[in-house]
Amino acid sequence: MNAIRTAKKALVIGGGIAGPVMALALRKAGIEAVVFEAYDASAEGIGGTFMIAPNGLDALAVVGLAAEVGAIGQPIGPMLIEDGKGGVLAEFAGLADLPPGRVMRRAELYEVLQRRLRETGIEVRYGKRLVGAEEGADGVTARFADGGTATGDLLIGTDGTRSTVRTLIDPAAPGAQYTGLLGVGGYSPHRLPGRAGRGETMHFANGARAFFGYWGLPDGAGTAWFSNIPQPGQQSAEQVRAVSREEWLRRVRDLHADDLPARDVLREADADTVEVFPRLEIMPSVPHWYRGRMVLVGDSVHAPSNSSGQGVSLAVESAVELARCLRDLPDHTAAFAAYEALRRPRVEKIAANAARTNDQKASGPVGRALFRLLAPIAMRTFMSPEKMLRPVHGHRIDWDRPATAAPTATGRQRRAVTAP
């Protein structure tokens, strides 16, 4: 592998999920990293639930977290598409040669990452809200709201859909777009019958007025659920908090009053567990992933909607791939170009597919009825598990194969290929 020639220290902006993975991948590539978090304290115990797909688990294994991540959350294999009336429209059995995905609380993964950062001696500085950056011939200096500065060879933005780094790279860059859906979720002691109650399967039900997802908890402990509610105008966090959890649960119960099994799950649901997520967003195509010594990773540049089930997985993939490119290519410009070439086609295709799913979720009664009619046909043709899941879940990063750059047809950039 090529020796690192120019990138020896990186400033990682954002300490959520992508930032710590980025720092760990850089350490593995031989590059020092410091993580800067805007908030004054760490985020233990904060956040909802998400799934990490097999491709995301593989990327986390690259940075040495296979065992730790495999010990949290619960494995989920098959996925059932249901009609909201108790019937099954389609089943994705998963791919036999891949491990199941894992559903977990964000706080669980965050704790694993923070512990590993401490173990490896990677510094996290809190209360460091980025406000600007100046580049020079030999490095980049970040400026923070508290008046402090930090200098490194690279500045990597893992600061989410409201990314400051994105606006520094391109002030005209698009921001995140609202999907037209509001998320509400929680837990219920309701026990699902049969296989559903064993917690092995993720269920998606296209209800009469809203989309409902649910899965059984381990050992028959109850049911986790969520609802994607069509909401024409995006609400702020303050507006959401102004409505009680009991009222949100009442609204969801009303929307799913005629849906099965949503009606039964929600009847027993515990209002104290209800969480509301107004920021179900998607990133449009971002024209510039990097400029000079600054580059974007994760939700700051390619946030697919929650409908993809790929947000976390794609973010950690990108962190690992960027570190691999920086390890192998002779300068940061070539590495950034290689990284974008590797990642942009994949993430934008997944995001586009998720956007179509959002449109279906937000459609009216006629659209929902049409989906229920066409889903069984689609599953027998272009939506088979192999065609749908293999390109996404089967993706693997071969850390040991060096990334190389090749000129494009125009010669204006160098794009990445994998050496034979």
Side-chain angles (χ1 to χ4, degrees), residues 16-17 39 41-51 72-74 76 82 84 103-111 160-162 176 178-192 196-197 199 202-281 305-307 309 311-312 358 361-362:
I17 300 300
Y39 291 100
S42 61
E44 276 87 356
I46 297 175
T49 300
F50 51 58
M51 173 180 280
I72 59 177
Q74 74 179 92
I76 293 287
E82 301 171 348
V103 175
M104 64 188 65
R105 300 283 297 179
R106 180 187 185 278
E108 294 179 290
L109 180 58
Y110 182 86
E111 182 180 352
T161 58
R162 300 294 196 275
Y178 176 50
T179 62
L181 299 165
L182 182 146
V184 183
Y187 295 89
S188 169
H190 179 81
R191 294 191 176 190
L192 301 167
M202 181 73 71
H203 301 256
F204 302 105
N206 193 28
R209 291 185 288 172
F211 184 89
F212 191 74
Y214 65 99
W215 63 95
L217 298 173
D219 302 321
T223 304
W225 62 270
F226 68 88
S227 179
N228 290 156
I229 301 172
Q231 179 80 26
Q234 187 172 18
Q235 296 192 355
S236 67
E238 291 74 20
Q239 288 174 310
V240 165
R241 286 195 293 267
V243 178
S244 69
R245 292 180 175 182
E246 290 78 10
E247 173 59 17
W248 280 116
L249 180 56
R250 186 199 66 77
R251 294 180 186 182
V252 177
R253 284 171 173 163
D254 181 63
L255 285 169
H256 293 289
D258 299 321
D259 299 334
L260 294 174
R263 181 187 63 195
D264 299 330
V265 172
L266 293 170
R267 183 184 296 122
E268 300 179 45
D270 183 356
D272 289 339
T273 68
V274 169
E275 295 178 281
V276 184
F277 304 95
R279 285 174 54 179
L280 299 187
E281 298 172 328
S305 82
N306 63 305
S307 297
V312 175
N358 289 339
K361 287 181 177 180

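Residue numbers run from 1 in the order of the sequence given. As the structure is a prediction and not an experimental result, all values here were calculated from the model.
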Asks: Walk me through it: do Arg241 and Val276 pass the test side-chain contact (heavy atoms from CB on, under 4.5 Å)?
Replies: CA-CA 8 Å; Arg241 286 195 293 267; Val276 184; over 6 Å; no
Asks: Could you pull out the closest heavy-atom pair between Pro278 and Gln235, with the gap in Å?
Replies: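 Smallest interatomic distance, heavy atoms only, reads CB-O, 3.3 Å.
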Asks: Could you give the distance from CG (Asp254) to CG (Leu249), rounded to the nearest 0.5 Å?
Replies: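 So the gap between those two atoms works out to 11.0 Å.
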Asks: Within a strict 4.5 Å, meaning less than it, do heavy atoms of the Trp225 and Val252 side chains meet?
Replies: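 Yes. Closest side-chain heavy atoms under 4.5 Å.
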Asks: Is it true that Glu108 and Arg105 have a side-chain N and a carboxylate O under 4.0 angstrom from each other?
Replies: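 No.
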Asks: Between Trp215 and Gln74, is there a side-chain heavy-atom distance shorter than 4.5 Å?
Replies: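 Gln74 reaches Trp215 side chain to side chain.
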Asks: Taking atom CD1 of Ile76 and atom CE of Met104, what is their separation to the nearest 0.5 Å?
Replies: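 Interatomic distance, Ile76 CD1 to Met104 CE, rounded to 0.5 Å: 11.0 Å.
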Asks: Any side-chain heavy-atom pair from Tyr178 and Gln231 closer than 4.5 angstrom?
Replies: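 With C-beta onward as the side chain, the pair touches.
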Asks: Looking only at heavy atoms, which two atoms of Pro189 and Glu268 are closest? And how far apart?
Replies: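 Result for this residue pair: CD-O, 3.0 Å.
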Asks: Using a 4.5 Å cut-off on heavy atoms from C-beta on, say whether the side chain of Leu109 contacts that of Phe50.
Replies: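 Yes, at least one pair of side-chain atoms sits under 4.5 Å.
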Asks: Could you give me the CA-CA distance, side-chain angles and deciding distance for Val103 and Met202, then say whether side-chain contact (heavy atoms from CB on, under 4.5 Å) is met?
Replies: CA-CA 10 Å; Val103 175; Met202 181 73 71; 3.6 Å; yes
Asks: Return the minimal non-hydrogen interatomic distance between His256 and Ala262, and the atom names on each side.
Replies: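 Scanning both residues, the minimum pair turns out to be CB-CB, 3.8 Å.
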Asks: With rounding to the nearest 0.5 angstrom, report the CH2 to CG distance, Trp248 to Leu182.
Replies: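 Nearest 0.5 Å value for the CH2-CG distance: 5.0 Å.
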Asks: Donor-acceptor pair, Arg106 side chain versus Thr49 backbone, under 3.5 Å?
Replies: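 Between the backbone of Thr49 and the side chain of Arg106 there is no qualifying donor-acceptor contact (under 3.5 Å).
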Asks: What distance separates Leu266 CG from Ser227 OG, expressed to the nearest 0.5 Å?
Replies: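 Between Leu266 CG and Ser227 OG, I get 7.5 Å after rounding to 0.5 Å.
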Asks: Measure across Ala43 and Tyr110 and return the closest heavy-atom pair with its distance rounded to 0.1 Å.
Replies: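 Smallest interatomic distance, heavy atoms only, reads N-OH, 2.9 Å.
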Asks: Checking salt bridge (Lys or Arg N to Asp or Glu O under 4.0 Å) for the pair Glu281/Arg162: CA distance, chi angles, key distance, verdict?
Replies: CA-CA 11 Å; Glu281 298 172 328; Arg162 300 294 196 275; 2.8 Å; yes
Asks: Give me the atom names and distance for the closest heavy-atom approach of Gly207 to Asp259.
Replies: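 Nearest pair, atom of Gly207 first, then Asp259: CA-OD2, 3.3 Å.
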Asks: From the options Asn206, Val265, Asn228, Ile229, select the one residue that forms a side chain to side chain contact (heavy atoms under 4.5 Å, CB included) with Phe212.
Replies: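 Of the listed options, the one satisfying the test is Val265.
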Asks: Please determine if Glu246 and Arg253 form a salt bridge, counting it only when a charged side-chain N lies under 4.0 Å from a carboxylate O.
Replies: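 Not counted as a salt bridge, because no side-chain N and carboxylate O are separated by less than 4.0 Å.
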Asks: Scan Thr273, Thr223, Asp272 and name whichever one has a side chain to side chain contact (heavy atoms under 4.5 Å, CB included) with Tyr187.
Replies: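 With Tyr187 as partner, side chain to side chain contact (heavy atoms under 4.5 Å, CB included) holds for just one option, Thr273.
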Asks: Tell me, please, which residues at least two apart from His203 pass ring pair (Phe, Tyr, Trp, His ring centres under 6.0 Å).
Replies: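 His203 satisfies ring pair (Phe, Tyr, Trp, His ring centres under 6.0 Å) with Tyr214 only.
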Asks: Starting at CD of Gln234, measure out to OG1 of Thr179 and round the result to the nearest 0.5 Å.
Replies: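 Going from the CD atom of Gln234 to the OG1 atom of Thr179 covers 8.0 Å.
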Asks: In Å and rounded to the nearest 0.5 Å, what is the CZ to CG distance from Arg191 to Asp219?
Replies: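 Here the interatomic distance stands at 9.5 Å.
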Asks: Considering all heavy atoms of both residues, which atom of Leu192 and which atom of Gly216 are nearest to each other, and what is their separation?
Replies: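 Taking Leu192 first and Gly216 second, the nearest heavy atoms are CD1-N, 3.8 Å.
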Asks: Output, in order, the C-alpha distance, side-chain angles, deciding distance and verdict of salt bridge (Lys or Arg N to Asp or Glu O under 4.0 Å) for Arg251 and Glu247.
Replies: CA-CA 6 Å; Arg251 294 180 186 182; Glu247 173 59 17; 3.0 Å; yes
